Amino acid sequence: MTTHDAVIRLLDARRLQGLLTNQSGRVIAQYSFLNSEGNSSLSHLADISGETPRRITRGDQSIGPAALSENGTIVFASKRKGEDGKDADSPSLWALPDNGEARKLADHEGGFSRIEVKGETIIVEFPVHTWAADENDHQEFSSERSDAKVSGILHTGFPVRRWDHDLGPGRQTLAVATLDEAATDFPEVSDELSTPAGLDFRYLSLPSGRLVDWAVDDEARFVLVQLEKPIPGQLEASEIWRVDLDGEPELHRLTKPAADHSFDIEAISPDGTKALVTRVQQWTPQANLAAELMVLDLETAEVKPVWPDADFRFAPIWVDDSTIVASADDHGRGSIFIGGLDDAQPRRLVGGVDQKYSFSGLALREDTVVATASAIDVAPLPISVDLGTGVISELANPATVLDEEGTLTEVEVRADDGTPIRAWLVLPEGEGPHPLVVFAHGGPWGSWNAWTYRWNPGPFAAAGYAVLLPDPAISTGYGQAMIDRGQQQLGGTPFTDIMTLTEAAGERPDIDSERVALAGGSYGGYMANWVAGHTGSAFKCIVTHASLWNTTSMGRTTDNSSWDSAMREQSAQYSPHLFAEDIEVPMLVIHGDKDYRVPIGQGQELWLDLLTQAKTPLDADGDTQHRFLYFPDEGHWILGRGNAEVWYRTVLAFLDTHVLGIDANRVRTLG
């Protein structure tokens with residue numbers, strides 16, 4: 001298969017996005033596929049409860065957030081054509097019964113961000129105008145703003161933007177309505193434009209702060225909300241409140257905001273008396289990021305640790321009022337654990353180092369748990385796991401089953417301090433020795449333990465490159481000690497770990513240690529920049545995407561306020577921009593203008609410093625060998641179908657030029 005074929009197959013494949021399930025056994029998959037023009041992706045739903053997947057939504061607009069009720073009705077948000085034949089400006093809310101056609105339930109200017117259905121109650125999160133008390137107010141004020149072509153947004157807190165979008169002008173809030181018989185028990189119709197049921201949404205009165213997360217109990221009696229607000233020493237301190245839904249809403253604060261830690265909502269117990277939460281120790285100059293699973297008593301607000309002897313960060317759900325099942329990163333793979341609320345540590349139900357899968361998106365279905373599984377060389381697929389035996393069963397898969405390029409193996413070695421460290425290694429066909437490209441992962445809290453659409457090693461293996469995927473210090477799934485090794489020295493132990501693993505890979509007879517490049521995005525981009533200024537000509541070239549260059553200016557402009565103080569004390573030693581004059585090799589800089597996590601200014605500063613300070617020699621024509629791939633309409637990740645292809649082809653061409661000595665102008669479609 002040619003390199004071009006491998007890129008196209010990757011980008012055009014149907015991809016599993018998530019699963020919905022209920023206790024009656026129905027499983028709904030949300031998955032993406034290319035539109036008829038082949039230039040963008042659509043997201044739709046398929047029923048995978050049987051032996052083969054059955055697509056149950058249609059149209060040329062994507063399905064947004066969705067929820068599956070116990071009676072089998074799916075409530076989802078999507079744009080549909082109106083009676084004038086034009087697409088709606090905002091997604092509407094629709095109900096799709098187990099058998100029949102979708103019916104519109106409600107319209108809302110700004111669409112719907114999240115949906116939950118509990119019995120006859122529907123709870124939605126959506127943006128509303130700051131002054132609005134109900135839907136009539138919201139529509140009136142929103143229309144006035146639109147008609148006047150007002151774009152200004154007045155802020156009173158931090159942040160003002162998030163990831164790739166501006167926050168405001170409204171606020172995110174929760175609203176509740178009743179799904180009566182007219183909304184859910186309707187006759188089969190052939191026209192999806194049937195008369196809207198007109199759900200009567202009631203806005204919840206929430207405490208002040210920015211809505212971050214929420215969960216509703218099974219009986220729809222109350223909702224837990226996580227809100228952020230500024231306090232001394234922390235611009236984004238969070239607290240959890242209980243908001244009753246029956247009658248006049250009552251507010252009960254369960255956790256207080258703190259400068260050094262927060263609590264994240266995980267799941268409410270079936271009986272509604274307690275909730276699983278994760279206590280997150282914030283990264284500061286004095287402390288490392290740490291996470292501890294805890295149970296929160298919803299009456300007394302007392303918290304106590306769950307599974308205190310376990311050294312993983314868990315993503316849990318309840319099996320019953322005393323049993324928990326949870327997924328976690330696990331030594332470059334993943335595991336699913338099960339245990340009692342009072343157990344010192346859980347039992348590994350499935351996973352671990354004897355296999356290669358990671359697991360996510362757990363949901364309970366009868367006596368099994370449904371999840372998404374994937375591996376470095378296996379695209380996401382839906383599975384169920386028997387809670388008693390741990391036996392895995394594959395479910396009907398609406399996504400493309402990809403035969404990945406290359407052969408997957410591992411590199412294991414001891415770090416300078418004696419810690420065992422490891423990496424995945426993808427080898428292309430043939431005996432080699434193969435040129436090598438090293439991928440530094442982002443985060444910095446992360447792991448190369450799952451399939452990815454971005455930074456997928458398949459196209460690189462198809463082009464003849466071996467790909468090393470190291471998990472250095474600060475990687476997840478190896479216990480708190482692995483994070484502690486590098487949290488206060490971003491360019492220290494993580495850097496030496498990567499270099500040690502690269503050296504170990506280079507000692508293999510099937511790797512050409514003289515033809516090596518390094519690439520990374522986000523924190524991996526930071527590492528790429530750090531490597532560029534500290535390794536001379538050891539690497540033939542460096543690819544840096546959405547990268548941190550000047551950690552001082554980064555901390556003051558990112559949408560994550562806590563990083564400013566966390567990185568400030570390290571900047572004098574570990575900011576890559578201080579070593580611009582030591583860069584010798586060509587660099588490919590990639591950045592999106594809509595990246596608010598690592599703002600475009602980081603790429604601009606890096607580009608200027610490369611052209612004015614780096615000692616990389618000019619080419620034969622006297623021009624720079626550095627390149628800047630700029631995406632005006634992309635954020636932290638390159639999501640557009642065409643832009644993603646340009647990303648892969650540009651990166652591969654840059655590697656070809658500087659690692660293989662092949663003219664970058666050659667047409668990669670020829671293989």
Side-chain angles (χ1 to χ4, degrees), residues 65 110 112-116 123-134 138 153-163 165-176 201-217 220-246 248-268 272 274-283 289 291-292 294-303 558-563 596-597:
F112 299 82
S113 306
R114 181 177 160 191
I115 305 164
E116 295 286 346
I123 305 94
V124 299
E125 176 186 346
F126 51 28
V128 300
H129 193 284
T130 304
W131 298 340
D134 54 34
H138 173 70
I153 303 171
L154 182 64
H155 288 280
T156 60
F158 191 95
V160 300
R161 54 188 191 175
R162 201 72 168 177
W163 287 112
H165 61 279
D166 296 321
L167 298 181
R171 70 188 192 279
Q172 291 291 121
T173 196
L174 300 180
V176 181
F201 278 113
R202 170 174 58 90
Y203 292 4
L204 293 186
S205 297
L206 302 180
S208 63
R210 186 175 72 88
L211 181 63
V212 176
D213 194 14
W214 54 279
V216 61
D217 80 303
R221 294 166 296 180
F222 63 89
V223 61
L224 298 182
V225 295
Q226 181 183 354
L227 301 162
E228 285 184 348
K229 62 173 59 176
I231 64 171
Q234 178 60 267
L235 286 175
E236 297 175 90
S238 76
E239 56 189 12
I240 296 175
W241 291 73
R242 170 177 169 153
V243 181
D244 292 337
L245 300 180
D246 295 333
E248 289 295 323
E250 296 185 15
L251 306 179
H252 308 273
R253 188 168 70 176
L254 297 170
T255 68
K256 296 180 180 180
D260 64 342
H261 70 272
S262 62
F263 289 94
D264 294 342
I265 300 170
E266 300 293 351
I268 300 172
K274 48 192 173 291
L276 294 170
V277 296
T278 297
R279 185 188 188 278
V280 180
Q281 171 64 53
Q282 303 294 343
W283 173 30
L289 187 80
E292 182 180 14
M294 310 191 81
V295 62
L296 169 66
D297 188 297
L298 299 183
E299 291 297 326
T300 66
E302 294 180 354
V303 293
T558 179
D559 60 4
N560 188 331
S561 64
S562 65
W563 285 357
Y596 302 149
R597 179 51 50 107

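Keep in mind that the numbers below use all heavy atoms, side chains included, and drop hydrogens, waters and symmetry copies. Here the structure is a predicted model, which is why all the values come from computation and not from measurement.
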Side chain Thr130, main chain Pro169, donor-acceptor under 3.5 Å: yes
Original post:
Can you tell me if Asn560 uses its side chain to pair, donor with acceptor, with the backbone of Ser562 under 3.5 Å?
Top reply: yes
Given the options Arg597, Arg161, Arg162, Asp559 meets side-chain hydrogen bond (donor to acceptor under 3.5 Å, both in side chains) only with Arg597
- Query: Do NZ/NE/NH1/NH2 and the carboxylate oxygens of Arg279 and Glu292 come within less than 4.0 Å?
  - Reply: no
Closest heavy-atom pair, Leu224 versus Ile265, reported as atoms and distance to 0.1 Å, is O-CD1, 3.7 Å
Taking every heavy atom of Leu251 against every heavy atom of Ser205, the minimum-distance pair comes out as CD2-O, 3.5 Å
**Request:** Walk me through it: do Ile153 and His155 pass the test side chain to side chain contact (heavy atoms under 4.5 Å, CB included)?
**Result:** CA-CA 6 Å; Ile153 303 171; His155 288 280; 3.3 Å; yes
For Glu239 and Thr255, the nearest pair of non-hydrogen atoms, with its separation, is CB-O, 3.2 Å
Can you check whether Asp260's main-chain N or O pairs, donor with acceptor, with Gln281's side chain at less than 3.5 Å? yes
* Asked: Any donor-acceptor pair under 3.5 Å linking the side chain of Asp217 with the backbone of Phe222?
  -> yes
* Asked: Any chance the side chains of Ser262 and Gln282 put a donor and an acceptor closer than 3.5 Å?
  -> yes
| Could you walk me through whether Leu167 and Val160 pass the side chain to side chain contact (heavy atoms under 4.5 Å, CB included) check? | CA-CA 5 Å; Leu167 298 181; Val160 300; 5.8 Å; no
Do Arg210 side-chain atoms and Gly157 backbone N/O form a donor-acceptor pair below 3.5 Å? no
Could you tell me whether the side chain of Thr278 and the main chain of Asp264 form a donor-acceptor pair under 3.5 Å? no
Checklist entry - Between Tyr203 and Phe126, what is the ring plane arrangement, given parallel below 30°, perpendicular above 60°, and tilted in between? => result perpendicular
Is a side-chain donor or acceptor of Glu236 paired with a backbone partner of Ser561 at a separation under 3.5 angstrom? yes
Heavy-atom nearest pair, Ala237 first then Ala258, reads CB-O, 3.7 Å
Between His138 (side chain only) and His129 (backbone N and O only), is there a donor and an acceptor less than 3.5 Å apart? yes
